[in-house]
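In the text below, chain A, chain B and the rest are named by the order of the sequence lines, each starting its count at 1.
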Number of protein chains: 2
Amino acid sequence: MAKQTGSIEPIHRRTLHGEVLPRLRDMIIEGVLEAGTRINETELCLKLGVSRTPLREAIKTLAGEGLIELVMSKGAVVRRFTRRDVANMLEVIKLFEIFAAKAACANATDAEIKAVALLHKAMVQEYKKRNRLGYYKLNQDIHSELVRLGGNPEIADLHSMIQARLKRIRYLGNQESTKWAGALAEHEEMMKALATRNGNALAEVMGRHMDQTLLRVSDTL
Amino acid sequence: MAKQTGSIEPIHRRTLHGEVLPRLRDMIIEGVLEAGTRINETELCLKLGVSRTPLREAIKTLAGEGLIELVMSKGAVVRRFTRRDVANMLEVIKLFEIFAAKAACANATDAEIKAVALLHKAMVQEYKKRNRLGYYKLNQDIHSELVRLGGNPEIADLHSMIQARLKRIRYLGNQESTKWAGALAEHEEMMKALATRNGNALAEVMGRHMDQTLLRVSDTL
DNA sequence: ACATAGAGTGCTGTATACAGTAATAACCGT
DNA sequence: ACGGTTATTACTGTATACAGCACTCTATGT
């Protein structure tokens with residue numbers, strides 16, 4: 001290495017560059033920063049223990065992801081989603097998943113399909129344990145994986161971006177057991193269609209599943 | 001006002017905040033910064049006449065838009081698109097436009113449909129003048145407007161984001177007259193379907209149009 | 001001659017300091 | 001007392017300065 005600065009102390013502070021971005025994102029998703037909150041930069045800097053420069057850069061990135069809104073010479077605001085916004089985003093998700101469903105049935109390997117089935121089994125376990133968080137996480141993973149198997153990374157990226165936006169909403173949504181059971185039943189159907197590589201059937205179920213998801217979510221708003 | 005600093009000189013420099021972002025975006029789209037170029041921040045600062053801080057913020061935003069790639073502790077690189085990337089992006093556009101086609105035919109007002117027809121007429125004029133740039137711009141406008149009429153702003157935003165990425169590619173693409181004529185013919189079909197509010201027909205044509213666009217573009221890569 | 005260690009250079013990532021602007025509170029005139 | 005105007009404050013936007021890492025080019029040992 002170069003530039004022995006004389007001091008022996010090696011690396012006393014883990015800089016680890018992109019640390020603020022995920023932290024801030026989590027704060028928004030988990031609701032630590034409520035929707036509609038005007039972000040005070042200096043204040044947040046103290047909380048995060050970083051300077052304004054990296055924080056502002058993270059804010060710009062999150063604005064690109066649609067989690068934050070930038071108001072000219074007035075700063076950043078945690079984006080607030082209307083019922084309509086959520087419906088629109090779920091519509092996009094639906095488009096992606098229907099497309100991916102067909103493509104995945106056509107192109108995915110047997111191993112990949114098996115991996116999704118395993119995720120599903122794990123999710124069922126979480127359901128039986130009535131562990132909402134674990135269930136939710138695996139649910140997301142299954143949908144993400146299915147879209148990934150569609151073979152179009154652009155779609156996968158956009159899909160996960162919108163999923164991230166919805167995370168905050170769905171995190172809070174306390175669905176009753178009946179609805180929860182319905183969602184699980186749809187997932188069972190999906191797995192059957194995927195196992196038999198019936199693309200049209202899978203697309204149909206996933207479309208229906210997303211429509212139902214909208215209904216399930218929309219009365220929690 | 002407050003804080004009279006003593007000096008009388010009022011405002012000698014137009015700060016105008018978000019000036020760098022659109023300028024940098026144009027530089028990428030117009031190919032001033034070639035794909036694959038590693039961006040040297042200090043160098044670009046001199047060219048743009050701003051400091052590194054706002055430039056870096058603009059870079060973060062453009063990374064969110066997918067025009068720039070961020071490499072950890074190595075800086076920013078103007079994103080290079082493979083043939084596959086372009087195909088994938090056009091696939092997304094196709095999804096959006098097919099969806100919007102149906103929705104637009106169902107929900108758009110007569111005035112809105114008429115406005116699209118006017119854009120089309122203007123585009124035909126540009127075609128007759130063999131004015132590629134004018135044609136291209138109106139072409140984009142028509143597609144954007146159709147998607148907007150679909151009534152889902154999320155889709156419209158994502159659509160225009162991807163269109164922006166493709167701009168750089170399509171800018172350069174020098175299609176021969178035969179292919180150009182083909183594209184125009186498809187647009188004529190689209191206008192007929194839209195005028196009669198035949199959603200399925202419009203969706204079919206637009207899907208075909210995007211497939212053809214992929215073919216037309218892909219041999220210019 | 002080639003591989004390897006070391007110094008040097010250049011660029012990114014971060015922090016701090018300054019300038020300008022919008023919102024708010026105080027003050028004055030009517 | 002109330003509307004308008006002025007001063008204060010607080011926060012955003014920008015610039016500059018510093019620290020650390022990564023790469024390259026050179027020099028030396030085997």
Side-chain angles (χ1 to χ4, degrees), chain A residues 1-25 28 33-34 36-64 67-79, chain B residues 1-25 28 33-34 36-64 67-79:
Chain A
M1 301 300 166
K3 210 180 233 174
Q4 287 295 90
T5 27
S7 60
I8 305 162
E9 45 181 14
I11 298 154
H12 49 297
R13 187 179 45 186
R14 302 277 293 109
T15 356
L16 200 63
H17 160 247
E19 205 180 0
V20 273
L21 176 56
R23 278 221 286 164
L24 182 55
R25 191 183 343 222
I28 293 174
L33 294 173
E34 272 180 67
T37 306
R38 262 220 291 266
I39 291 178
N40 186 328
E41 294 179 359
T42 48
E43 190 184 333
L44 238 182
C45 284
L46 291 174
K47 271 189 191 169
L48 294 173
V50 288
S51 173
R52 279 184 58 214
T53 311
L55 174 63
R56 283 176 61 86
E57 293 184 359
I59 286 175
K60 290 290 185 302
T61 299
L62 290 175
L67 286 171
I68 282 180
E69 236 165 348
L70 260 42
V71 187
M72 164 60 195
S73 76
K74 212 177 167 186
V77 178
V78 179
R79 193 168 157 197
Chain B
M1 305 299 166
K3 210 181 235 177
Q4 288 295 92
T5 28
S7 60
I8 305 161
E9 46 183 15
I11 300 156
H12 48 297
R13 185 179 44 185
R14 302 274 294 108
T15 357
L16 199 62
H17 159 248
E19 205 181 3
V20 275
L21 176 56
R23 278 220 285 165
L24 183 55
R25 187 183 296 141
I28 293 173
L33 295 173
E34 273 179 66
T37 306
R38 261 218 296 260
I39 291 179
N40 186 327
E41 294 178 359
T42 48
E43 190 184 332
L44 239 182
C45 285
L46 290 174
K47 270 188 189 167
L48 295 172
V50 290
S51 172
R52 278 183 61 212
T53 312
L55 174 64
R56 283 176 62 87
E57 292 185 358
I59 286 175
K60 289 292 184 301
T61 299
L62 290 175
L67 286 171
I68 283 179
E69 235 164 348
L70 260 40
V71 187
M72 164 60 196
S73 78
K74 210 176 166 185
V77 178
V78 179
R79 188 166 161 199

Between dT14(C), dA15(C), dC11(D), which nucleotide has the shortest distance from any of its atoms to the side chain of Val50(A)?
dA15(C)
State, to 0.1 Å, how close Leu62(B) and Arg25(B) come at their nearest heavy-atom pair, and which atoms those are.
CD2-NE, 3.6 Å
Measure from the side-chain N and O atoms of Arg23(B) to the backbone N and O of Leu48(B), and report whether any donor-acceptor pair falls under 3.5 Å.
yes
Contact class for Ile59(B) (heavy atom, under 4.0 Å): base, sugar-phosphate, or nothing?
nothing
Separation between CD of Glu57(A) and CG of Leu70(B), rounded to the nearest 0.5 Å:
9.0 Å
Does Thr53(A) make a side-chain donor-acceptor contact with the base of dT16(C), cut-off 3.5 Å?
yes
Could you state the atom-to-atom distance from CD of Glu57(A) to P of dG13(D) in whole Å?
14 Å
Give the rounded distance in Å between these two atoms: CG of Leu21(A) and C1' of dG13(C).
14 Å
Between CD of Glu41(A) and P of dT16(C) the distance, given in whole Å, is 15 Å
Interatomic distance where CG belongs to Leu46(A) and C1' belongs to dT16(C) [whole Å]:
14 Å
Output the rounded distance in Å from CZ (Arg52(A)) to C1' (dA19(C)).
12 Å
Find which nucleotide of DNA chain C each of Arg38(A) and Glu43(B) is nearest to by heavy atoms, and output the residue with the more 5' nucleotide.
Glu43(B)
What is the nucleic acid contact for Leu55(A), judged by heavy atoms within less than 4.0 Å: base, sugar-phosphate only, or nothing?
nothing
Report yes if some heavy atom in the side chain of Leu24(A) is under 4.5 Å from a heavy atom in the side chain of Leu33(A); otherwise report no.
yes
Would you tell me if any nitrogen or oxygen in the side chain of Arg56(A) comes within less than 4.0 Å of OP1 or OP2 on dT12(D)?
no
On DNA chain C, check which nucleotide each of Asn40(B) and Gly49(A) is closest to and give me the residue with the more 5' one.
Asn40(B)
